[in-house]
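Within every chain, numbering begins at 1; the chains are lettered A, B, ... in the order of the sequence lines, protein sequences first and strands thereafter.
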Amino acid sequence: MSAAGGRAASAPLVGREAEPTIFELSRPGRRSYQLPTSGFEELGPDELVPPEHQRSEPVALAEVSERDLVGHFTRLSHRQYSVDLGAYPLGSCTMKYNPKVCDAVAALSGLSDVHPAAPAELAQGWLATLTELERALCELAGMAAATLQPAAGAAGELTGLLLMRAYDEARGERRQRVIIPDSAHGTNPASVTLGGYEVTTVQSDERGCVDVGALRQVLDDDVAGMMLTNPNTLGLFEEDIVEIADAVHEVGGLMYYDGANLNAILGVVRPGDMGFDIVHLNLHKTFATPHGGGGPGAGPVAVAGHLADFLPGPRAVRLESAGPDDPPRYGWATPARSIGRVHGWHGNALVLARALAYIEVHGRDGLLRVAERAVLNANWLRRRLAGTLAVPFDRPCMHEVVFSAAPVHKRTGASAHDVAKGLIDEGFHPPTVAFPLIVDDALMVEPTETESYETLVALAEAIERVVARAERHELADAPTTTPVRRVDEARAARMLIPTFDARR
Amino acid sequence: MSAAGGRAASAPLVGREAEPTIFELSRPGRRSYQLPTSGFEELGPDELVPPEHQRSEPVALAEVSERDLVGHFTRLSHRQYSVDLGAYPLGSCTMKYNPKVCDAVAALSGLSDVHPAAPAELAQGWLATLTELERALCELAGMAAATLQPAAGAAGELTGLLLMRAYDEARGERRQRVIIPDSAHGTNPASVTLGGYEVTTVQSDERGCVDVGALRQVLDDDVAGMMLTNPNTLGLFEEDIVEIADAVHEVGGLMYYDGANLNAILGVVRPGDMGFDIVHLNLHKTFATPHGGGGPGAGPVAVAGHLADFLPGPRAVRLESAGPDDPPRYGWATPARSIGRVHGWHGNALVLARALAYIEVHGRDGLLRVAERAVLNANWLRRRLAGTLAVPFDRPCMHEVVFSAAPVHKRTGASAHDVAKGLIDEGFHPPTVAFPLIVDDALMVEPTETESYETLVALAEAIERVVARAERHELADAPTTTPVRRVDEARAARMLIPTFDARR
Amino acid sequence: MPDYLPHTDEDVAAMLEFLGLATLDELFAAVPAALRLNRELALDTGSPEPDVLARARARANRAAELICFAGAGAYDHEVPPVVRQLASRSEFVTAYTPYQPEVAQGGLQAIFEFQTMVSRLFGLPIANASLYDGASALVEAVNLAVGATGRHRVLVSAGVHPNWRAVLATFAAGTGHQLVEVPLTEGRSDWSTADSEEAGAVVVGYPNYLGCLEDLGAARAAADARGALLAVAADPVAAGILKSPGEWGADVAVGEGQPFGAPLGFGGPYLGLFACSSAHVRRLPGRLVGETVDADGTRAYVTTLRAREQDIRREKATSNVCTNQTLIALTAAVQLGWLGTAGLAEVATRCARGAQHCRAGLLALDGVEPLTGTTPTVREFALGLRVPAAVVQARLAEEGFLAGVALDQLVGEDGDGSVGAEEAPNALLVSVTERRTRTEIDRFVAAFDKALR
Amino acid sequence: MPDYLPHTDEDVAAMLEFLGLATLDELFAAVPAALRLNRELALDTGSPEPDVLARARARANRAAELICFAGAGAYDHEVPPVVRQLASRSEFVTAYTPYQPEVAQGGLQAIFEFQTMVSRLFGLPIANASLYDGASALVEAVNLAVGATGRHRVLVSAGVHPNWRAVLATFAAGTGHQLVEVPLTEGRSDWSTADSEEAGAVVVGYPNYLGCLEDLGAARAAADARGALLAVAADPVAAGILKSPGEWGADVAVGEGQPFGAPLGFGGPYLGLFACSSAHVRRLPGRLVGETVDADGTRAYVTTLRAREQDIRREKATSNVCTNQTLIALTAAVQLGWLGTAGLAEVATRCARGAQHCRAGLLALDGVEPLTGTTPTVREFALGLRVPAAVVQARLAEEGFLAGVALDQLVGEDGDGSVGAEEAPNALLVSVTERRTRTEIDRFVAAFDKALR
Ligand SMILES: Cc1ncc(COP(=O)(O)O)c(C=O)c1O
Ligand SMILES: Cc1ncc(COP(=O)(O)O)c(C=O)c1O
């Protein structure tokens, strides 16, 4: 007998049982689907597909009633933390509140029901959206032009590296190395490899920033460029950025800006003005695309003028108008020396539309406030918690702050990981743990600008309580209030069960 | 300091704390609202309202950020059981699964953005919707015409009683009494009073049905009519319905059908064919309007031909077409001897549109299946649990079954109420308790047709386990898995706190 | 044959066997054969969802596309995506009345908050958990007043919405209340016309349905003179800038809550708001949520004073109300949470500002006269036109506007105490909400001018 | 100045004071003054939500209103209200990547179910948690094959979607793969044209982008002959009635998951599907959810084999993918849960049925030729027209149809191994989904006839 789809015992509201998989809820012969009346006689696969191509049996999916489908996924949703439930201070992830108006924009039929290969004349609204977003992003980044195709930050990074490469080749060069700081996000080195470069890591200094001396030592004319995020992944502003950029430029390298931390500097300082040549922007972080449990995002890449010709294509462009009073018209154009496509179509278009709406609602004034409040919140927490956790780099931070639980760990045996689990029982999603790698027992807190003063206080108090529990050795069991207790991650890798069918 | 809007500790997923009220989350100066750019100079109340009418201070509402608004109501939603989380076998309430397509219909701008006083020429689609629904309901009820105005079942009842009254008066009579069985829902006697009649209660016999002998004893020419639901609130079909109707008609009374239980007989037998003259239908029960935590519903009233002239108005009607090929046209008409309006406009229109969609998706075939499966499910549970709980009227039931926990109560001290609380910990919403009043320790179970066999089995097993726990005297504490434990209802009435302001 | 039922053929067979039955039909053995329908219902067979959606789309209405200047109790207010999204969470939508408070704290707390908001809005300490609509709230208010005073005579201002008065009259046939209409003079109730017999209630609108500010001091005096309670039918948006009914001394205040987050929806589901003084709490109609504690002493909510209600009190209940408008009340709590203190005041101010601009513009046209003299109005106003209102409506619809509400639709060709028979066909009630921009209003006035010619 | 920030002026003042700062600007003291923007951004000031929504509405596209016969990897499939509603639950939408499994079981379990569904669909035991889109999944498949074989040469059928091939080529500039195009003959890959050197991967579409059924046996043989892995780019809907890539012997199967619940959305966000044989699990790109237990032994889910991923393995990771398309994968799990075994087969069958009817109708017209000879097609098909495809598209748009995809838009005016230079401008790819009724198709054919004249 299959499981009962109407039993809510897995909903934290009324129980703590495991939710059956949809396959366990399945019963042959049940169905949810309804298709429109087509008016066709009922030809089956036999008449439609040559025998050698026919599937012997239909794909065995779950067979559930609509009622069980709804019960199942609604209960699953109750087993999922989210920004809409509470603060989500994951450092580097910028889990801010996402205005619902952006959902409404993305749901508009006039945008969402458009085929990506529709002729440009039938998709003028979309082309206008893309060109306006490109313009706004370029203004925010201090860049000349952008591609909106990359589907996430990492895709933007790789695109940027291929731009470096194309630029190199156009110069007749074949540089081999790209420099990244040891604090860099893991996508940076991974993208460097995929871009066909070797990674040269440069140490951070005791202030948590790029060691300019060490940098100079690895710079030579084999260096295609350097990837940096500023503020960096420690939440610190690289004050020597001009010196760094100059040094890289001197050896003929390009500066790449990892825009995952742009939230901190909107309207304050622009990557282009810091000397960067290529910038990717994580729209799903800064521009309030809800993160969807791991995407979709968007990672547009903006570049300085000398790189515009290499951008992926086609790009939406505004066409010359026939007359001054004619409405604007838009078309597609591929840059002269384009590296080619980096997405099957035009990028994550509905995410792009959301980002434009976010920018429009906030405007230049609102975006500046975003940065100010994000930095204010992080600094307040840094100062407030300095007595509770270690602050490895104790100076004003930008939009996030990295603490270390190492002293607590040493004293009590409770690691950053344990502190994180303890915080769950306090009603908060934990900060990022174990990143950046250069800080022991890192707890990386990014409150974002949308959390209130009261929430910051409550979060600080919760962390203080958790550390106190650590001192009393009470964290080993945490979390205790969640539908499942601490999950055995090692076992998952050791006894791999990647599908329901692998259980047997 | 106000409460922290970003703390999720009240979400059952991560905690068990109380959720602050929105007033506790409030901080003067915060805001969510955004209004469209109007283009007006900023005149204030002083220029707009004469001084003696001006409010001295703005209405003190909560002041929260959009983020806190979302956190608060999302967390509240996690503290609320619902059909979409699991089975809701509340007897008499027909808590079936509501197809989401009905939500989509009600959300269509072309329907939901229409002003109720729009001229008929601009609202043809709505008038068509109303006439089609009226036709379908009349066919289902076996009646001639209907009003769609009543906003719920009780409003329909009162409308029906006023129709009786108008009919009486048109006959030059002034009857004083209306008969209802002792098993009737509380709205029936309450409506009778508001209709200006006196209630005469007729006992049920040992089979749970109207005692026809007792009925005859109270029938005379002062009786305006009788209200009955069939199947009745015990889930039993009144087999003597023809005799009952004849007897009432003989003394000149009208038969009123309380349609809250129509789900059981869709397409099987019709109130009109049973001899009823007036029928109200609870669209929010049978026709899958989600119940909304207590409404909105809709309670259309359908009547036999001799009462059509008395119906409330205006009613949407199909007009004579100019030519045979012309599209249908619709207008409003008020019946000749109408009792008048019973709703500020045309009834709960969007609920009516949902009901029509439900009827269309199911069709005549699907509606019959609804009744069959609803009755099948209830009977299966009746039989299955007959050894666990008492079945006061042990014969085949219709769409619901009334058990009694009285023997358990006597044996163990655990009442139907305790059993209900125990069932919550099993992951089920409890059945209706303490109704109908004529059964001691009643547990009234209406599984509805949308719950699966597996769910019925799980529910039965859960009830068995709870009764076993009762035997072990383990229920006094239940529920234990919920965000709040057993709620002190007596205290609420004794120390009335009906608003946040009354707390002080 | 797609539907929503989970039963496989095997399920049906196994369940029937368990019951000792051979066919589904035998489940209905208790139904006398002679009564059975024994034919198919004269309805279509079931259609798949996409077909039904397409059919519903085909029933779209032209009025939905027009820029709305119609009001009369149903208003085109801003409802932001955030409110729609929160209020449509399925936990709220698919719950029943909170009979089991332990698993219904979400809905209960939201309604507790709603009650608090309504109480503050109307300046009265008690508010219930909703009634069907403004009209039904008024019926209950009158029932309460009659019950409290024991007097069946009710003075009803003709400034109360004509549909609400019609509903009052319908239900008065059952309760036996005697309704006395008090006519308007220049848009205000003229209490001097009513005889001075004792009464149970005095009922007045604020602003009244023609948009005019009534003198509630006079209404209170009229009530006191007759030993009656004062029931005020208040516009809850205008209440954002007006002295509250409670402050004016009302015993009961009712209102139509649609402006707080409910779509126009062709008139429903709307929301009856109901507030009263503490003296009358035990006569309160409908549900009431109260705060209490759970077994651990944690704050909790529950429906309370249930002994008033029909399921317990039966024929002696304060009202017959059971299912109500809870979801719309919850929506209103979300919408008022979104508006907040400043937002509600701002919406009310904007409506008034737009209405004044619009009124001035229209009155400057040839062929437009005020219908209520110089009495101050807030968010809507009544005009007498040179041509029938229906004609103007039809012409303006061509220009993309819903011009307002033709008053003969509400009061009939013969008029009533608010609008006379001569005025009725040419009378138009125009309303402006915060959604109307200055440009829209100016275009509307220009189009109106054309339509009058 | 409405926005989403909760800070009152007092909050800001108090927080600054706590930090010993006088102004917000001092927070940015670390930013060298010379770098500061010191002007306002050249963007508009913030607009209230209703204005922004109105602006977005004004950017609506004509294509959205047309009856869609376009495909080429992006299809107009039925997405029912129930799927939209479930997939847009805010817990799913506003969560992050599940770094804390104890509070992310909901998303994790949904993705575990998604992986199982994709695995069954493609007939391969391992499926990951999503990639960006079909094109990026193909890039990762080739990377995996090259990594597994150590061979950089890759044979790519010209029947693989031209945009995907373009993306492959772009990224090959970084990885150094050598891509060899294998042309089509009558719509099928002609492996005989490729030299027989060793290769890392053989890549083929099934059906290919022109709608034709490739001989996967021949593709498998071509791979075996060169020591290559076989990577199949499969249409996941057609897979509902076709022998699975796994059954054909594919080592990796990828696909564009858009048809499972994602709107056309002008091309994104879509969903890269990726499945492979167990041998390659440690080279798998992207996230993988696995089942495990919690401390109490209760079943639980967690992302696993994380040592492949960039945040741990850095430059040695199997891929650089981090943020991905989780919500779209979850949507696909809901949609496939809704379709079920019978539904997916039915959708695939209906597409084929409609496409065959449409194809026959169009081929019967004067001025329409098949572009792929007699090779069997399933749900879409390519035609050569008498007039340029763009002209037909424009004319049919007037009649309310999106006529298909003009192939020169994909392959360029000069064509490629799938469509020759002479054919390209007049070539049209037509696709039919289960949403197209017979009446619509017949009307389309009639309008097409007119458009050709
Ligand atoms: C600093 C940094 N760089 C790059 C990335 C990669 O972006 P994405 O996850 O969108 O690929 C992230 C996000 O995870 C990040 O935090
Ligand atoms: C048997 C019966 N009659 C009448 C009613 C009253 O209907 P409503 O709640 O819609 O007013 C109900 C529902 O509660 C009921 O179950």
Using heavy-atom distances under 4.5 Å, tell me whether [X] contacts chain D through its side chain, its backbone, both, or neither.
{"X": "Glu121(A)", "answer": "neither"}
{"X": "Thr432(A)", "answer": "neither"}
{"X": "Pro396(A)", "answer": "neither"}
{"X": "Leu108(A)", "answer": "side chain"}
{"X": "Leu140(A)", "answer": "both"}
{"X": "Leu368(A)", "answer": "neither"}
{"X": "Glu360(A)", "answer": "both"}
{"X": "Leu48(A)", "answer": "both"}
{"X": "Val487(A)", "answer": "both"}
{"X": "Ile424(A)", "answer": "side chain"}
{"X": "Ala353(A)", "answer": "neither"}
{"X": "Met95(A)", "answer": "side chain"}

Go through the atoms of [X] and report whether side chain, backbone, both or neither lie under 4.5 Å from a heavy atom of chain A.
{"X": "Val289(D)", "result": "backbone"}
{"X": "Thr437(D)", "result": "both"}
{"X": "Ser119(D)", "result": "side chain"}
{"X": "Arg299(D)", "result": "both"}
{"X": "Ala42(D)", "result": "both"}
{"X": "Ala169(D)", "result": "neither"}
{"X": "Leu86(D)", "result": "side chain"}
{"X": "Gln409(D)", "result": "side chain"}
{"X": "Leu24(D)", "result": "side chain"}
{"X": "Gln393(D)", "result": "side chain"}
{"X": "Val281(D)", "result": "side chain"}
{"X": "Leu410(D)", "result": "side chain"}
{"X": "Leu402(D)", "result": "side chain"}
{"X": "Arg55(D)", "result": "side chain"}

Chain D: which of [options] shares the most heavy-atom pairs with it under 4.5 Å?
{"options": "Leu376(A), Leu162(A), Ile241(A)", "answer": "Leu376(A)"}
{"options": "Gly196(A), Ala190(A), Pro58(A)", "answer": "Ala190(A)"}
{"options": "Lys421(A), Arg30(A), Met274(A)", "answer": "Lys421(A)"}
{"options": "Gln80(A), Arg79(A), Glu63(A)", "answer": "Gln80(A)"}
{"options": "Gly366(A), Pro290(A), Ser56(A)", "answer": "Pro290(A)"}
{"options": "Leu90(A), Val192(A), Leu85(A), Asn98(A)", "answer": "Leu90(A)"}

## Note on the structure
d(Glu346(D) CD, Thr341(D) OG1) to nearest 0.5 Å is 13.0 Å
I'd like to know if the side chain of [X] reaches the main chain of [Y], judged simply by a donor and an acceptor atom lying under 3.5 Å from each other, with no hydrogens or angles considered.
{"X": "Thr323(D)", "Y": "Gly295(A)", "result": "no"}
{"X": "Arg364(A)", "Y": "Leu43(D)", "result": "yes"}
{"X": "Thr175(D)", "Y": "Leu194(A)", "result": "no"}

Could you tell me which of [options] has the largest number of non-hydrogen atom pairs under 4.5 Å with chain A?
{"options": "Arg62(D), Glu291(D), Gln356(D)", "result": "Glu291(D)"}
{"options": "Leu121(D), Leu288(D), Thr298(D), Val405(D)", "result": "Leu121(D)"}
{"options": "Ser90(D), Ala135(D), Ala300(D), Pro376(D)", "result": "Ser90(D)"}
{"options": "Asp296(D), Asp311(D), Leu213(D)", "result": "Leu213(D)"}
{"options": "Val334(D), Leu344(D), Leu66(D)", "result": "Val334(D)"}
{"options": "Arg350(D), Arg353(D), Lys243(D)", "result": "Arg353(D)"}

### Summary
Between Ala63(D) and Val114(A), the two heavy atoms sitting closest are CB-CG1, 3.9 Å
### Query
If every non-hydrogen atom of Leu330(D) is compared with every non-hydrogen atom of Ala110(D), which pair is closest and at what distance?
CD1-CB, 3.6 Å
Just say parallel, tilted or perpendicular for the rings of [X] and [Y], cut-offs at 30° and 60°.
{"X": "Tyr4(D)", "Y": "Tyr97(A)", "value": "tilted"}
{"X": "His161(D)", "Y": "Trp164(D)", "value": "parallel"}
{"X": "Phe73(A)", "Y": "Phe92(D)", "value": "perpendicular"}
{"X": "Phe18(D)", "Y": "Trp380(A)", "value": "tilted"}

### Query
Are Ser244(D) and Arg55(A) close enough that some pair of their side-chain heavy atoms sits under 4.5 Å apart?
yes
### Task
Side-chain contact test, heavy atoms from C-beta onward, threshold under 4.5 Å: evaluate it for Gln100(D) versus Pro430(A) and give yes or no.
yes
### Task
Tell me, please, which residues at least two apart from Tyr88(A) pass ring pair (Phe, Tyr, Trp, His ring centres under 6.0 Å).
Tyr81(A), His429(A)
### Task
Test Asp294(D) against every option in Val484(A), Thr482(A), Asp488(A) by the side chain to side chain contact (heavy atoms under 4.5 Å, CB included) rule and name the one that passes.
Val484(A)
Hydrogens and angles aside, do [X] and [Y] bring a side-chain donor and acceptor to less than 3.5 Å of each other?
{"X": "His78(A)", "Y": "Glu91(D)", "value": "no"}
{"X": "Arg287(D)", "Y": "Thr326(D)", "value": "no"}
{"X": "Asn324(D)", "Y": "Ser130(D)", "value": "yes"}

### Message
Looking at Phe23(A), I'd like to know if the NZ or CZ of Arg120(D) sits under 6.0 Å from its six-membered ring centre while staying within 45 degrees of the ring's axis.
### Response
yes
### Task
Run the ring-centre check on Tyr132(D) versus His343(A) and record whether the distance is less than 6.0 Å.
no
